[in-house]
Each structure stands twice: as C-alpha cells, then as structure tokens.
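One structure is given here, and the rest of the page talks about it.
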Amino acid sequence: MELSFNLAARLDADLQAAARNADLADAAAFAPEVRVADARHGDFQANGVLGYAKARKLNPRAVAEKLAAALGPSVREMCDIAIAGPGFINFTLRPAALHGWLQRWASRAALAMGAAENSPLSGQTWVVDYSSPNTAKQMHVGHLRSAVIGEAVARLLAFGGAHVIRDNHLGDWGTQFGKIIWAYRRHLDAAALARDPLEEFERLYKAGHAAAEAYPAALKEAQQELVKLQSGDADNLAIWKKIGDASLGAFQQIYDRLGIRFDHTLGESFYNDKVEQVYRELTAAGLATESQGALVVFHPEHPRFATQPFIIRKSDGAANYASTDLATVLYRCGHFQSDAIAYVIDSRQGDHCEQLFLTVQKWFAQTGRRAPRLEHVSFGTVLGEGGKPLKTKSGENIRLKELLAEAEERAFALVGDKSADLPEPERRAIAAVVSVGSVQYADLAQNRSSDYVFAWDKMISLDGNTAAYLLYAVARIHSIFRKLGAAPGDAAAEAGASALETPAELALARKLVKFPDALQTATTSLRPHFLCLYLYELAGEFSAFYAADKVAVDDLPIRARRLLLCARTLLILETGLQLLGLRTLQRM
RNA sequence: GCACCUGUAGCUCAACUGGAUAGAGCGCCAGACUACGAAUCUGGAGGUUCGGGGUUCGACUCCCUGCAGGUGCACCA
C-alpha cells in the first residue's frame with residue numbers, strides 16, 4: 001500500500017492506469033478529476049466519468065463499474081470503492097490506510113518533501129513583489145493586505161518547492177519627492193526633523209501636495225525638483241536619502257512585528273539608470289510611440305488599451321512607475337533568472353498590471369527573450385464597519401503601528417480575562433502573538449478578491465474562523481503532552497498504537513490526510529484562504545475529538561493512537577499557521 | 001461611455017474554478033464542566049444564491065441581458 005502525500009493525486013493516477021488497463025476507448029482523453037469529497041460520500045470522489053461517458057454516449061455507471069473493476073489491488077487495500085449517483089466513483093479510506101499515512105508523514109521535513117515532490121513549482125524561481133510602500137509616508141492600514149498576503153504567498157510557494165525571492169519594491173522615486181523637496185526648501189522645521197523625521201517628512205509632503213494642488217506654479221516647481229532628483233542633483237539626492245533612511249527604519253519595525261523578512265529591497269530608484277534601455281528597446285521594437293509629448297504604448301488589439309495609453313515616460317522626461325516596472329521585469333529575469341513574478345498589489349491597479357503584462361509579452365517576444373509568467377495577486381480594499389474605507393474619525397488613514405498597538409491592547413485585556421493566573425510577562429508575550437496573528441489571519445481567511453471589512457470584535461472575539469481559535473487548539477494539544485510528560489511526535493509515545501476506531505478519531509484522521517489538497521489548492525491559486533479554511537475545519541475536528549475521546553486513558557494502545565492523532569494535528573496546524581506567517585504558542 | 005471587482009441565511013463570510021441535499025461563525029433557541037484547558041463541545045431554527053433568459057446529464061460557478069454597490073480609465077504610485 002503506497003501512501004502518497006497527496007492521495008487525491010494518487011487516486012487520479014490510479015484511475016488513469018485503470019482506464020488503460022480496462023481498454024477504455026480513447027483512454028488517454030479520460031480525466032478522472034479526483035477531488036476531496038463531501039464526508040457523506042467518502043474521502044475522495046472521481047467526477048470525470050460523467051463528462052467522459054456523456055461525450056461518447058456511454059452509460060456513465062457502466063463505465064464507472066468497469067474502471068472500478070480495473071483498479072489494482074493496492075487501491076482496494078487502501079480504500080472502499082463505490083459507484084454512486086449518476087456515475088461518481090467514491091473512495092473511502094480504510095482505518096489502516098489513514099493510520100499508515102499518519103505514520104509516514106510524521107514530521108515537518110516529511111511534509112515539506114511531500115509538498116515539493118511532483119510539484120510543478122520545483123526548480124522554478126519566483127519573485128514575490130509585495131508590501132512595497134512609498135517612502136516618506138508611514139505605513140497605514142492600506143499597506144496591510146499586500147504585506148500579509150504577500151508573505152503567506154511567498155511561504156506557500158517556497159514550501160511547494162519554488163526558489164522564492166522576496167522583493168520589497170519601494171515607491172521611493174515618484175512625484176511625491178518633488179513635492180517634499182519643494183516643501184523642504186521652503187517650510188522645513190529643523191527641530192521637528194530631529195525629533196521625528198518621518199513625522200516631519202509626512203508633514204512636508206502634505207504641505208507640498210496642498211501647494212501643488214492650489215498653485216500651478218508650485219506644481220511646476222515640484223515637478224522640476226523631481227526631474228533634478230532623477231538626473232542626479234546632489235542636494236536633492238541628499239534630501240531624498242534622508243527620507244529613505246527614516247522610512248526604512250519605521251518600516252522595519254512593522255515588518256519585525258509581522259514576521260516579514262525581505263531578500264531584497266530594490267525600490268524604484270534602483271532602476272533609475274535602467275529605464276533608458278526600456279525606452280530605447282520599446283521604441284526600436286515599434287511598441288512605444290510619442291503622444292502628447294509622452295512616450296506611450298498602445299495595444300491596438302485590446303478594447304481599451306487601443307486608446308488608453310500605457311505611459312512609460314512622462315512628457316517632462318521623468319520616469320514613472322510604468323518605466324520602472326518594465327525595467328524591473330527585465331532585471332528580475334536577467335539578474336534573478338526568474339520564471340515567474342507575483343505582484344501582490346491592490347486590485348485598483350488591475351489596468352496597470354494588464355498593460356504592463358501585455359507590454360512585457362510583446363517586448364520580450366520581439367527581442368527573443370523568454371517572457372516570465374506574470375501574476376497579479378490582487379486584493380480588495382480594507383473597509384470600516386460602515387462599508388466605507390477604513391479611516392480615523394478625522395479622515396486620516398489609520399497607521400499600522402497604531403492599529404497593531406490597539407490589537408495588542410485588546411488581546412492583552414482578553415488574556416488577562418481568560419488566563420489571569422499566568423505571569424504578566426507571559427501574558428504580554430501571548431498578547432503579542434495573538435494580536436498580530438489575529439490581524440493577519442482575519443485578512444488571510446477571506447478570499448482576497450473581495451473587499452475586506454475590518455471589525456475588531458470579529459477579529460479578536462476568538463470565536464469562529466479566527467487565529468485565536470486555531471492557536472487555542474494548538475495550545476491545548478501542547479497542554480496534553482505536558483500533562484502526559486511526552487513530546488509531540490515522540491515515537492515512544494506512539495508505539496503500540498491500536499487501530500483507529502471511534503467516530504471522532506476517524507473523522508480527525510480523515511481531515512488530517514487532506515492537508516496536501518488544501519495546501520495545493522491554496523498554492524496554485526495563490527489564495528491562502530483555502531489553507532485557512534482547512535486549518536479551521538481541522539481545529540474543529542480536533543475540538544470535537546477532544547470533547548468525545550479522552551487521550552489520557554489507562555489503556556496504553558488507545559492512549560498511543562490518540563497521542564499520534566494529537567501529534568499530527570499539532571504538526572499540521574503549526575506547519576499551516578507558519579505557512580500563513582503566524583507564530584504559535586504553547587500556552588495562552 | 002468603456003472595463004474590472006462584488007452581490008449567497010438578520011450580520012460577516014465559504015463552497016476546492018461545472019458535481020451529489022449551498023456550508024460555517026456571530027446573533028437567536030435548547031443542552032454539556034468535581035474527565036486531559038468551557039478562548040470549548042452537542043443539537044435546533046434560519047436560503048427564490050440580486051432579477052430574467054440561455055448552454056448541459058448537472059449551474060452559486062460558464063454565456064447573454066437587466067439592476068445595485070465599489071473601483072479604474074493621459075503623465076500620482
């Protein structure tokens with residue numbers, strides 16, 4: 001009995017082999033489509049027979065019977081097979097197979113190996129472009145999703161076997177610097193700069209922006225400052241450098257709390273000397289043309305981009321983010337040899353991404369380069385409970401550091417409520433993990449394509465599909481091992497385990513073996529919420545098991561098999577949470 | 001005007017990209033702690049999946065169309 005990591009994939013292959021062995025007409029065209037099934041019907045189901053039979057005017061049930069009969073002995077040993085409904089083939093794993101799987105995939109290393117083997121990601125290099133805030137501004141709630149989703153996506157891709165490069169593509173070269181430098185020269189408060197540089201730069205930006213809005217002359221002067229900066233003016237560069245340093249320090253504090261580490265922080269400025277090549281090549285390829293003084297790319301075959309330009313150089317000669325994004329793709333493909341790039345960016349930039357991707361495709365094709373796979377990992381806006389974008393009462397964006405501080409306060413109050421007996425330093429440490437985890441998880445648990453309603457109560461209420469529910473399950477399992485004086489995964493504690501038997505044991509084991517499916521779905525779709533949903537359901541099965549079957553029983557074979565279940569649940573919960581970017585706790 | 005996203009239980013969300021009787025949490029109702037952590041568990045009520053057509057063995061999912069909300073569309077990123 002060969003218990004592959006991904007049992008659905010294995011059954012799929014088995015059915016394909018059965019189709020050949022049974023001399024099914026046109027067997028090569030038969031796709032079994034094995035999926036995780038509703039528990040009522042079994043563990044996995046093959047849906048492919050219906051479509052296949054229908055297209056060939058065959059009786060689906062008869063085809064299903066034939067296929068089932070042609071399945072090899074190792075499948076039959078592994079599961080019960082039944083034909084149901086109009087022609088589904090249902091597979092129900094036998095207790096021994098569940099047990100065997102849990103024994104084989106028993107460590108983090110084993111899971112990682114299973115996830116990476118036979119993965120299409122193995123050997124690929126992915127650049128994940130995420131977070132990417134603008135310097136000179138504090139990170140606010142609008143920066144949360146890219147950072148959180150991007151980190152989870154990066155971890156998932158890496159676990160699936162990809163070589164992942166995390167790149168923080170800072171907005172450190174745009175028009176805002178013209179405005180700040182303009183204001184710096186006129187309205188700088190040196191004392192304030194010394195006290196809190198980022199605060200002062202933010203104030204200067206607002207002053208410059210307001211002036212540019214109000215007076216066309218000021219706007220012109222600000223644009224000139226930007227052109228000077230981009231062409232290497234020493235004074236402007238010095239100011240710009242101060243801004244960058246102050247910003248990076250503040251960003252790093254946020255990243256530390258969120259557990260984010262970048263491999264590179266190559267902002268737009270890094271590409272300043274690389275945009276000329278882009279202008280040159282795109283012009284030579286006949287893709288870019290002059291329009292209203294700017295250099296633009298149109299896509300004649302496209303309904304909108306035939307007339308909506310992709311502006312790759314502004315009419316004043318300055319670069320914009322289209323210029324640098326194009327240069328960035330070239331750099332990533334050349335320097336990092338990347339096969340794919342995932343852009344974790346707001347869905348409002350869908351047009352920009354689409355234009356960028358189209359342009360890269362044509363540009364690379366014409367210059368004989370292999371185009372990378374480009375993915376816009378888009379996400380909706382963070383809304384307040386009124387359904388409007390989340391703001392402070394005065395209409396400002398909520399700063400991320402303040403949001404995280406409030407989360408921690410709320411979590412700390414709750415920990416004091418629930419676990420007053422723990423010493424304060426530990427309660428503080430718990431609050432730190434629970435609060436950040438709750439913020440991350442609330443974001444990740446939802447399908448990223450829709451807007452996301454930020455609600456404190458839902459997030460830290462600790463009921464339902466929340467970080468705290470999962471962390472609680474983890475803490476309870478650790479507690480069991482503490483009580484019994486055993487270490488999770490210790491072979492001695494699991495030795496002599498008897499066969500899985502009770503409904504709760506079996507239900508939990510059935511859930512555990514479906515981890516690979518959830519992982520794969522989340523990774524290939526670049527949608528972490530599939531993993532969240534799975535982990536939540538797993539924690540639910542565990543809680544039901546915990547209530548139904550006591551682990552610390554005197555009967556040692558029973559205790560051993562339940563400890564095995566606890567250890568694997570812990571392993572998968574901790575692995576899964578870690579892949580989402582969360583930290584876990586042993587007590588809470 | 002054109003395009004994209006969204007519309008599912010009172011509320012917040014799922015539904016593995018076309019599969020079986022659309023599922024969770026909150027809230028509501030009824031239960032379970034002198035058993036390993038009750039931040040938990042068990043059960044119940046709650047649905048014209050925005051409307052209308054179509055495609056097929058099968059549609060929340062795909063196509064057409066209408067409605068509602070959000071977003072983007074020439075030099076901000």
Side-chain angles (χ1 to χ4, degrees), chain A residues 8 33 35-38 40-41 45 47 50-51 53-54 60 84-88 90 132-134 171 173-176 179 209 223 268 291-296 303-305 307-316 318 320-322 324-325 345-352 354 378 380-381 383 385 387 389 414-415 417-419 434 445-447 449-453 455 457-458 461-466 468-469 471-473 475-476 479-484 514 517-518 520-522 524-525 527 529-530 532-534 536-537 540 543-544 546-548 550-553 562 566 587-588:
Chain A
E33 290 179 39
R35 312 272 169 80
V36 168
D38 185 302
R40 287 183 295 243
H41 303 119
Q45 63 183 61
N47 296 335
L50 287 90
K54 214 69 205 175
F88 298 105
N90 291 336
S132 309
N134 290 339
W173 206 235
T175 305
Q176 75 265 31
K179 293 173 181 172
H209 183 71
Q223 284 168 344
E268 294 173 339
S291 173
Q292 301 178 25
L295 191 62
V296 309
R304 260 169 317 127
F305 305 143
T307 53
Q308 182 181 321
F310 188 49
I311 299 172
I312 65 168
R313 186 182 63 207
K314 300 197 288 181
S315 54
D316 62 8
N320 65 1
Y321 79 140
T324 49
D325 277 357
I345 317 182
D346 200 315
S347 62
R348 283 177 298 193
Q349 292 183 44
D351 275 6
H352 170 75
E354 211 181 325
S378 70
T381 311
L383 303 176
E385 299 193 47
L414 204 64
V415 176
D417 213 29
K418 303 287 184 185
S419 304
V434 171
Q446 183 159 12
N447 190 334
S449 49
S450 35
D451 288 345
Y452 149 55
V453 178
D457 289 339
K458 184 186 166 193
S461 79
L462 316 184
D463 282 311
N465 190 4
T466 61
Y469 180 81
L471 292 173
Y472 180 63
R476 272 214 298 206
S479 171
I480 293 170
F481 281 99
R482 270 199 304 275
K483 277 269 154 58
L484 296 180
K514 283 155 197 151
D517 179 80
Q520 189 185 42
T521 306
T524 57
S525 61
R527 291 184 188 273
H529 81 280
F530 286 116
C532 294
L533 184 65
Y534 168 81
Y536 171 58
E537 287 172 354
S543 294
Y546 181 89
K550 184 170 168 144
V551 177
V553 292
R562 291 184 181 161
C566 288
R587 285 201 294 189
M588 66 186 276

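From a predicted model like this one, the values you see are computed outputs, not experimental measurements. Naming: A, B, ... by sequence-line order, numbering from 1 per chain.
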- Item | Aromatic stack A/Phe530/B/rC16: centroid gap under 5.5 Å, interplanar angle under 30° | no
- For the base of B/rA22, is there a side-chain donor-acceptor partner from A/Asp38 under 3.5 Å away? no
- Task: Examine distances only and state if a side-chain atom of A/Arg527 and a backbone atom of A/Asn447 form a donor-acceptor pair shorter than 3.5 Å.
- Result: no
- Message: Just N and O in the side chain of A/Thr521: are any of them under 4.0 Å from OP1 or OP2 of B/rC16?
- Response: no
- Query: Rounded to the Å, how far apart are A/Ile480 CD1 and B/rA35 P?
  - Reply: 16 Å
- Message: Nearest to the side chain of A/Ser419, heavy atoms from C-beta on, is which of B/rG37, B/rA15, B/rC16?
- Response: B/rG37
- Task: Would you mind classifying the nucleic acid contact of A/Gly174 as base, sugar-phosphate or nothing, using non-hydrogen atoms under 4.0 angstrom?
- Result: sugar-phosphate
- Message: Whether the side chain of A/Ser291 and the base of B/rA74 hold a donor-acceptor pair under 3.5 Å is what I'd like checked.
- Response: yes
- Item | Distance-only donor-acceptor test (3.5 Å): side chain A/Tyr472, base B/rA39 | no
- Message: I'd like to know if the side chain of A/Thr521 and the backbone of A/Asp517 have a donor-acceptor N/O pair within less than 3.5 Å.
- Response: yes
- Is the ring centre of A/His41 under 5.5 Å from the base ring centre of B/rA20, and are the two planes under 30° apart, so that they stack? yes
- Message: At 4.0 Å (heavy atoms only), tell me whether A/Asn47 reaches a base, stays on the sugar-phosphate, or touches nothing.
- Response: base
- Look at the side-chain N and O atoms of A/Tyr469 and state whether any lies under 4.0 Å from the OP1 or OP2 oxygen of B/rC41. yes
- With heavy atoms under 4.0 Å as the rule, sort A/Ile311 into base, sugar-phosphate or nothing. base
- Item | Base of B/rA20 and ring of A/Phe88 stacked, centres under 5.5 Å, planes under 30° | yes
